[in-house]
Amino acid sequence: MSDPTGDAKLELKQASKEVKESENVAEKFSAMTVSKNSEMNMGELSTVFSAVPTHKPVKKQIQFVEDKQEFSRFPTKTGRRSLSRSISQSSTDSYSSAASYTDSSDDETSPRDKTQINSKGSSDFCVKNIKQAEFGRREIEIAEQDMSALISLRKRAQSEKPLAGAKIVGCTHITAQTAVLIETLVALGAQCRWTACNIYSTQNEVAAALSETGVAVFAWKGESEDDFWWCIDRCVNTEGWQPNMILDDGGDLTHWMYKKYPNVFKKIRGIVEESVTGVHRLYQLSKAGKLCVPAMNVNDSVTKQKFDNLYCCRESILDGLKRTTDVMFGGKQVVVCGYGEVGKGCCAALKALGAIVYITEIDPICALQACMDGFRVVKLNEVIRQVDVIITCTGNKNVVTRDQLDRMKNGSIVCNMGHSNTEIDVASLRTPELTWERVRSQVDHVIWPDGKRVILLAEGRLLNLSCSTVPTFVLSITATTQALALIELYNAPEGRYKQDVYLLPKKMDEYVASLHLATFDAHLTELTDEQAKYLGLNKNGPFKPNYYRY
Amino acid sequence: MSVQVVAAKMAEVELKDVLTGKDLPAESPVTPTSEGKNLIRNDPHEAGSSAATSPTAEPSAKAGEGSLGLLTPNTAKMPQGSAMKRTDPQQNGGEAFVNRDGTVAEAPRMKKQIQFADQKQEFNKRPSKIGRRSLSRSISQSSTDSYSSAASYTDSSDDETSPRDKQQKNSKGNGDFCIKNIKQADFGRREIEIAEQEMPALMALRKRAQGEKPLAGAKVVGCTHITAQTAVLMETLSALGAQCRWAACNIYSTQNEVAAALAEGGFSVFAWKGESEDDFWWCIDRCVNVEGWQPNMILDDGGDLTHWIYKKYPNMFKKIKGIVEESVTGVHRLYQLSKAGKLCVPAMNVNDSVTKQKFDNLYCCRESILDGLKRTTDVMFGGKQVVVCGYGEVGKGCCAALKAMGSIVYVTEIDPICALQACMDGFRLVKLNEVIRQVDIVITCTGNKNVVVRENLDRMKNGCIVCNMGHSNTEIDVASLRTPELTWERVRSQVDHVIWPDGKRIVLLAEGRLLNLSCSTVPTFVLSITATTQALALIELYNAPEGRYKQDVYLLPKKMDEYVASLHLPTFDAHLTELTDEQAKYLGLNKNGPFKPNYYRY
């Protein structure tokens with residue numbers, strides 16, 4: 001539990017430094033949100049463009065883009081995402097069409113100092129501008145179309161109201177997708193108070209739309225560190241309302257309640273935590289014997305894991321490389337470092353495009369899998385001189401070192417799909433004899449004295465977060481998992497969950513998957529009674545033992 | 001243990017069948033083509049089998065030389081063959097052999113051969129999926145496969161004396177074994193040597209561990225199939241310092257010549273092909289019950305040996321240091337014992353090791369689905385519409401292979417998670433009824449029963465191929481096809497045309513039994529994975545410090561699992577990367593593994 005304040009300050013500084021480097025404001029700006037909107041909101045877009053002359057708002061845009069993607073793509077793989085990982089530069093992507101319709105910079109007053117009232121006369125919220133609610137509503141409606149699983153969950157469970165009486169306090173990114181989640185929870189009977197888990201990621205118009213419907217939201221884009229904790233506190237500390245469920249992403253809210261309101265914390269019926277960091281903090285708490293409520297780790301559910309890693313990376317590796325370098329894959333020699341879920345995804349995609357793929361691996365079991373899947377397992381040094389593309393996905397550090405970078409051939413591309421920015425030893429490239437040339441945003445040519453160029457993407461940070469987008473489908477998986485975890489914890493009979501951290505029950509995991517099958521027009525077969533009896537299974541699952549590997 | 005009882009009963013029935021069969025004069029309607037083929041190929045196995053009919057070892061040695069020297073194409077094929085040892089009557093060449101056995105599946109005498117082929121393959125392919133393999137699953141008919149090259153060089157029928165009544169001594173004067181014919185040792189040795197070449201992992205293990213002799217003092221009593229591959233395992237154990245006594249876990253699967261070679265090499269082996277039920281238990285007892293020698297380790301496959309010692313020699317059982325069990329059945333029996341609180345020694349379940357599971361299911365089925373279908377039907381896969389029922393490991397393997405061949409693949413699934421995986425892998429998820437009218441091939445791999453029922457079969461289109469890759473023979477409701485209005489026509493061994501009154505034909509493979517066991521072969525590589533896992537499990541149990549393993553059933557430690565994998569990497573010329581100290585520290589791992597947490601899914 002490192003001091004978050006220090007972290008955040010440092011980042012803010014770095015972030016503003018980066019702004020000065022940034023060249024192409026318009027390009028930076030465009031990265032996010034949903035494309036369908038861009039046309040109908042052209043007017044809004046142009047105001048945004050005109051509003052960007054200063055560096056400060058640009059920086060905000062950049063951050064927003066990055067954070068948003070992080071949330072979308074890989075909510076789990078980053079250390080304290082919300083505050084610690086913002087040293088990145090803007091996304092370069094000039095193809096994705098959407099933008100945030102609102103710009104926080106048009107109003108310099110802090111939301112904390114404004115009193116706003118929604119149309120029903122309630123003022124129990126704190127957002128940038130309640131007037132943007134209509135916009136936000138449209139955003140949410142678009143997201144709803146892509147999150148059919150949550151919508152069908154609403155329909156299926158609406159009559160039973162499985163969350164009736166639940167008072168949920170939540171701390172997640174506030175985007176159109178989470179808004180769909182929040183409104184689903186409300187539709188299932190819960191009362192919600194919400195705050196942002198990231199100071200940059202909030203979509204102001206969505207926050208406004210939520211406030212307008214009566215959800216107490218405390219969040220705006222570009223909060224200060226102080227604002228951040230103030231929002232969390234406003235969320236929790238309200239008269240006549242005591243939360244009984246926590247939905248957290250990163251563990252900040254849990255931490256705050258645990259520290260500041262131990263009495264409220266004790267009465268919580270359950271915590272649902274989404275991120276690796278938050279889960280880690282919960283396990284620590286549990287180990288120390290201080291966790292006095294049951295918690296659910298939804299990060300490690302089978303469905304979520306497969307989508308976060310295997311399926312997502314399979315798509316984003318091609319997307320990220322194409323957007324940044326326009327490389328053609330057929331016949332290219334590619335070395336992928338690591339053959340875990342991410343590596344498996346990358347290799348499958350590259351192989352399908354006709355690339356010649358080599359693997360490096362430390363784990364003999366994964367290495368054998370690579371062999372059986374038809375990939376040559378090599379040591380990096382054996383192929384470093386001949387490959388055109390190097391992709392790291394090990395989760396390790398210094399997998400590609402200066403020594404190896406020195407030996408690469410002219411024009412080879414180096415990028416990282418793994419964990420944080422440690423895999424490629426980028427620092428070793430910051431020496432006087434090498435010239436760095438930024439050819440596009442997120443694309444650097446590093447030039448050796450002899451003229452050799454190595455193309456470094458995203459300065460060794462995660463390619464999939466920096467240079468690619470994330471399908472709403474993946475967010476839908478996450479949100480559905482969270483909703484089901486809340487329902488499970490809230491409705492579990494006394495004693496099923498003790499004061500410990502639990503994995504999502506297999507049955508719920510299967511239910512998440514089944515809710516998403518409709519998207520594929522997939523028709524699940526049902527067991528007959530006779531077959532169920534033969535297999536010794538319940539007709540409705542769970543279908544596999546816990547140790548099943550999928 | 002009701003399974004066992006049933007199994008035993010079934011075995012009795014079968015044995016009766018076989019015995020009565022023996023008395024019948026077996027006709028041999030061998031097709032001239034197959035004979036001709038064998039003659040032209042001058043198959044070494046033909047030479048082998050004819051040699052076996054002569055009582056002396058010398059000519060057999062000659063024949064062996066001939067085969068090695070003259071027939072390069074066949075020697076090239078030999079390794080593959082030795083993995084299989086499928087007694088295929090059409091294949092086995094020698095007229096005498098064929099005459100004795102007959103080729104037509106319906107001939108009762110065939111049963112034995114058939115049984116053997118099937119059983120053996122079971123061992124190779126999927127030792128784990130069948131209930132008491134050794135005795136319970138023998139209702140099958142012969143394998144059809146005329147391409148696989150190997151055969152057993154010896155035929156049990158050439159000598160009617162039971163090995164139990166013969167006194168034999170090996171060249172060192174030792175008589176502590178009981179096998180068919182010690183004179184076949186030379187042959188067996190060659191078999192073993194061939195197998196050694198394909199089991200580099202065990203050979204590497206020998207080399208790496210020979211200096212330390214990690215099994216010095218271990219007295220291993222084993223009960224497995226006795227084939228060239230297990231012989232390599234046994235000799236490895238011996239090279240590592242263990243003393244071994246061995247019996248067969250299957251009454252049909254023993255390679256007599258290999259048993260002879262082992263006996264000649266000083267192993268106390270009690271096994272021959274075609275044991276009776278009584279012989280089976282007698283062999284096990286001879287293995288265990290010997291003066292001045294008490295086993296301290298058990299290597300079992302099926303749980304029969306463990307059961308015998310547990311029941312008959314409880315005092316000996318208590319002193320065992322560890323049990324290594326390979327099959328699902330055996331593991332199930334161990335868990336039952338453990339649940340009842342009666343397991344007083346630590347046991348290792350090697351069946352569920354990651355490496356073994358992946359190879360038994362995913363990788364093996366990925367290859368054998370194409371092989372099995374091609375051999376039986378010569379179907380072309382490109383553009384064919386195939387429905388695969390079930391998307392577990394087996395289903396994933398089948399789908400991957402079929403997709404690669406250009407088939408249009410549909411999947412049916414009951415588990416939404418696997419269903420979502422199928423969707424994301426690009427397969428249409430359907431209910432069987434939605435596509436049954438249009439598909440060309442139906443493959444079941446669910447482990448369930450009655451997945452394809454008569455109603456589905458009625459609606460299939462003409463020429464549709466139906467086969468089962470899953471578990472036992474319950475998935476396709478074959479019984480429902482045995483009605484008067486349908487005509488069955490056997491077009492090849494393992495291939496039946498079922499003809500509807502309107503002339504529609506369905507091609508049913510292996511009568512709904514496992515296609516991969518009945519109509520395809522298993523690479524030695526897979527056997528090597530299994531054998532290496534067993535050897536490492538023995539070493540681990542034997543050398544574990546007091547208290548690491550309690551009286552329970554354990555999974556193979558992840559580190560050992562990784563070691564098995566690493567021993568097989570040289571086959572692929574794969575070069576594993578090593579962590580630097582700095583990297584290991586960063587990840588919080590030991591440089592030598594284990595590299596993944598236990599819940600990792602691979």
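Only the backbone of V430(B) comes within contact range of chain A, with heavy atoms under 4.5 Å apart. Within the 4.5 angstrom heavy-atom criterion, only side-chain atoms of K358(B), from C-beta onward, approach chain A. Proximity to chain A (any heavy atom under 4.5 Å) is shown, for Y600(B), by both the backbone and the side chain. For N598(B), no part lies under 4.5 angstrom from a heavy atom of chain A. At a 4.5 Å heavy-atom cutoff, the contact between T355(B) and chain A is made by side-chain atoms alone. For chain B, the nearby part of K344(A) is the side chain; its heavy atoms alone come within less than 4.5 Å. In this structure, no portion of V411(B) lies under 4.5 Å from any heavy atom of chain A. For I529(B), the part lying under 4.5 angstrom from a heavy atom of chain A is the side chain only. Both the backbone and the side chain of Y602(B) come within contact range of chain A, with heavy atoms under 4.5 Å apart.
What you find for V553(B) and N349(B) is that their closest heavy atoms are CG1-CB, 3.9 Å.
In this structure, F359(B) has its ring center under 6.0 Å from that of F525(B). Aromatic pair F572(B)/F375(A): ring centres not closer than 6.0 Å.
No other option in A574(B), A400(B), G392(B), C389(B) has as many heavy-atom pairs under 4.5 Å with chain A as A574(B). Among the candidates E578(B), R428(B), E393(B), the residue making the largest number of heavy-atom pairs closer than 4.5 Å to chain A is R428(B). When each of K591(B), K431(B), Q583(B) is checked for heavy-atom pairs under 4.5 Å with chain A, Q583(B) comes out on top. Annotation: maximal heavy-atom pairing with chain B below 4.5 Å, among V512(A), L517(A), L537(A), T360(A), occurs at L517(A). Note: T474(B) leads L432(B), T474(B), T580(B) in heavy-atom pairs under 4.5 Å with chain A. Ranked by non-hydrogen atom pairs under 4.5 Å with chain A, the options K449(B), E582(B), E434(B) are led by K449(B).
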Determine, step by step, whether E423(A) and N396(A) satisfy the side chain to side chain contact (heavy atoms under 4.5 Å, CB included) criterion, reporting the C-alpha distance in whole Å, the side-chain angles of both residues, the deciding distance to 0.1 Å, and the verdict.
-> CA-CA 6 Å; E423(A) 308 212 9; N396(A) 204 338; 5.6 Å; no

Walk me through it: do D363(A) and K558(B) pass the test salt bridge (charged side-chain N to carboxylate O under 4.0 Å, His left out)?
-> CA-CA 11 Å; D363(A) 179 341; K558(B) 173 130 323 207; over 6 Å; no

Please assess R549(A) against D352(B) for the test salt bridge (charged side-chain N to carboxylate O under 4.0 Å, His left out), listing each intermediate value before the final yes or no.
-> CA-CA 11 Å; R549(A) 291 196 185 89; D352(B) 290 319; over 6 Å; no

Could you check Y358(A) against Q333(A) for side chain to side chain donor-acceptor pair (under 3.5 Å), going step by step and ending with a plain yes or no?
-> CA-CA 8 Å; Y358(A) 301 98; Q333(A) 295 192 58; 2.9 Å; yes

